[in-house]
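Input: a single structure, listed below in structure tokens.
When a ligand or atom number is given, it counts from 1 through the structure's own listing order. Any value given below was found using the heavy atoms of this structure, including those in side chains, with hydrogens, waters and symmetry copies removed.
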Amino acid sequence: MRFAIATLGCKVNHYDSAIIQDRLGALGLERREFDEVADVYVINTCTVTDRADAESLKLARRARRLNPGARVLMTGCLAQANPAVLAAAPQVDRVIGLARLDDLERAALGEEGERVLVSNLRKQKAEIALGPASLAGQTRAFLKLQEGCDQFCSFCVIPFSRGSSRSVAPRRVMAALDELHQRGFKEVILTGVHLGGYGKDLSPPATLEDLLEMIAERCPIGRVRLSSIDPEELSGRIIEIVAQSDKFCPHFHLPLQAGEDQILSAMRRRYNADFYQRLIERILEAIPDAAIGTDLIVGFPGESQQQFERYVKFVEKLPLAYFHVFPYAVRTGTTAAKFGGRVSPAEITRRAQVMRQLGERKRVDFVRRFRGTRLKVLLEEPASADSLKGYSRNYIRVLVEAPVRLKNHEVEVEALATDGAALVAKLVWPAA
Ligand code: SF4
């Protein structure tokens with residue numbers, strides 16, 4: 001039996017898809033590309049914007065066209081948050097919410113069951129499916145330590161779709177890291193929906209700090225990267241652990257979301273602009289070469305033209321390495337969906353463009369700083385017949401002239417020049 005899987009949305013969804021893929025593979029199903037004929041199509045949906053909702057339905061129609069007799073199964077955030085919209089589509093056979101992997105497996109094997117199977121994840125603390133997962137074509141592995149969120153930022157649908165915060169016990173995390181090491185991974189990215197919420201739900205409670213210390217001491221993998229963490233949850237101790245350990249990559253992703261205190265407060269974020277600025281100055285004092293990235297929402301309800309201009313100026317002066325820009329999109333059920341002062345779609349698009357242009361400039365400026373320096377790069381994939389590309393520890397894309405046998409090895413390089421937002425480097429160690 002053949003299956004194909006399509007994934008929309010963020011890294012967490014991709015991680016979930018990798019787990020689904022592993023589990024269906026273990027049942028003997030053969031994986032196909034999504035544009036090939038298969039017997040089962042799994043669509044791991046996203047509901048971050050209305051566009052993502054529409055895309056999920058479009059994929060269901062595509063699957064049905066590819067094989068009118070296939071089983072079309074919808075899972076992921078949209079399936080969890082709004083199963084009715086998917087169940088109403090004639091192309092869809094089953095809608096199976098998050099944390100119901102056993103049901104998804106049974107549906108894939110053709111067992112009959114209810115058309116819609118969705119649990120209330122805010123009431124039921126479903127265990128996180130933990131499995132070392134690699135995304136297709138990547139040599140870096142992702143490990144999800146935490147799922148769900150209790151924060152309820154006013155613009156965000158995640159606490160509704162992914163349920164309350166729950167964490168993987170440190171013992172299971174360490175075992176998963178050992179397994180990833182045995183499978184040959186040279187880098188692992190510790191991820192979660194709300195990583196800063198790690199451990200509070202465990203009994204006895206654990207802290208992210210204690211877990212990271214354990215990882216610094218005992219993890220057999222040489223490169224460990226933290227994914228996004230909310231600014232107020234990045235403690236001084238975490239900065240210290242990253243600064244002092246040669247395992248942790250000097251890379252922080254700290255979502256700022258807005259540059260004005262009034263907007264941050266309307267978003268229900270728990271820091272102000274000044275706190276954010278001081279935090280990143282503190283990180284760079286401890287780790288001068290660290291890459292600090294962020295997420296920025298533009299066009300949040302009530303964001304005036306003057307506020308947007310101040311927002312751009314604020315971001316411009318921050319020593320950021322890169323950022324992702326998100327045009328504000330209304331999500332039904334969130335507090336912000338009820339806010340007045342909506343910015344017009346055309347203006348939101350314009351603001352996103354202005355911010356993205358600034359982002360490009362900042363990215364190039366950050367990369368330029370490292371011309372002429374030595375960096376450690378994990379080579380991930382061929383860039384040409386005689387070169388490979390990969391990422392430095394501080395998250396710069398680097399192209400290196402190197403033999404293909406060095407793929408999935410960390411090498412030392414000297415950066416010679418920039419190529420847009422990447423570095424071009426020569427191999428220093430090992431010899432070619
Ligand atoms: S902390 Fe992150 S996941 Fe949680 S509600 Fe806020 S934006 Fe959403």
Side-chain angles (χ1 to χ4, degrees), residues 8-16 44-50 52-53 76-78 80-82 97-99 120-122 125-126 128 142 144-168 189-201 207-208 226-235 238 252-273 275-276 279 292-303 311 323-339:
L8 293 166
C10 65
K11 287 214 169 90
V12 176
N13 251 20
H14 284 266
Y15 179 91
D16 290 348
N44 193 356
T45 61
C46 168
T47 186
V48 77
T49 60
D50 290 341
D53 290 2
C77 287
L78 177 59
Q80 181 67 34
N82 196 353
L98 295 163
N120 182 339
L121 292 178
R122 292 222 66 81
K125 294 242 171 189
I128 302 173
F142 287 77
K144 187 164 76 178
L145 312 180
Q146 183 280 339
E147 173 63 284
C149 181
D150 299 326
Q151 207 64 35
F152 290 95
C153 296
S154 67
F155 55 84
C156 184
V157 78
I158 282 176
F160 305 98
S161 61
R162 289 198 167 255
S164 47
S165 179
R166 47 219 194 268
S167 316
V168 179
I189 300 161
L190 305 177
T191 179
V193 168
H194 178 215
L195 204 52
Y198 178 82
K200 294 185 182 87
D201 58 302
T207 65
L208 187 58
L226 283 173
S227 68
S228 182
I229 180 162
D230 277 357
E232 76 283 9
E233 289 165 333
L234 185 75
S235 63
I238 297 181
F252 297 90
H253 190 90
L254 307 167
L256 170 64
Q257 307 298 17
E260 290 271 309
D261 291 350
Q262 195 191 336
I263 305 269
L264 286 168
S265 156
M267 286 178 163
R268 282 211 211 113
R269 302 292 287 174
R270 296 176 303 167
Y271 50 87
N272 60 26
F275 174 91
Y276 190 91
L279 176 69
I292 302 174
T294 196
D295 295 331
L296 302 172
I297 293 175
V298 297
F300 189 76
E303 182 188 80
Y311 183 13
F323 42 82
H324 303 143
V325 178
F326 297 91
Y328 173 74
V330 181
R331 295 315 293 140
T332 314
T334 59
T335 308
K338 298 178 207 119
F339 289 173

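Ionic pairing of D230 and R269 is present here: one or more N-O contacts between side-chain nitrogen and carboxylate oxygen are shorter than 4.0 angstrom. A salt bridge links R270 and E233; the closest N-O separation between the charged side-chain nitrogens and carboxylate oxygens is under 4.0 Å.
In this model, a donor atom of one side chain and an acceptor atom of the other lie less than 3.5 Å apart for T47 and D53.
The proximity of P255 to ligand 1, defined as any non-hydrogen pair under 4.0 Å, does not occur for either the backbone or the side chain.
Counting atoms of ligand 1 from 1 in the listed order, those under 4.0 Å from a heavy atom of F152 are 5 (S). Within ligand 1, counting atoms from 1 as listed, the ones closer than 4.0 Å to a heavy atom of P159 are 5 (S). Listed by number with element, the atoms of ligand 1 under 4.0 angstrom from any heavy atom of D230 are 1 (S). Distances below 4.0 Å separate heavy atoms of C153 from the following atoms of ligand 1: 1 (S), 5 (S), 6 (Fe), 7 (S).
Annotation: Y328 is in aromatic contact with F300 [ring centroid separation under 6.0 Å].
Shortest contact from atom 8 (Fe) of ligand 1 to any protein heavy atom: C156 SG, 2.3 Å.
C149 lies apart from atom 6 (Fe) of ligand 1 in this respect, since none of its N, O or S atoms is found at a distance under 2.8 Å.
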For the pair C149 and R162, evaluate side chain to side chain contact (heavy atoms under 4.5 Å, CB included) and give the outcome as yes or no after the intermediate values. CA-CA 7 Å; C149 181; R162 289 198 167 255; over 6 Å; no
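At least one heavy atom of R269 sits closer than 4.0 Å to an atom of ligand 1.
No donor-acceptor distance shorter than 3.5 angstrom exists from the side chain of D295 to the backbone of L256, with no hydrogens or angles considered.
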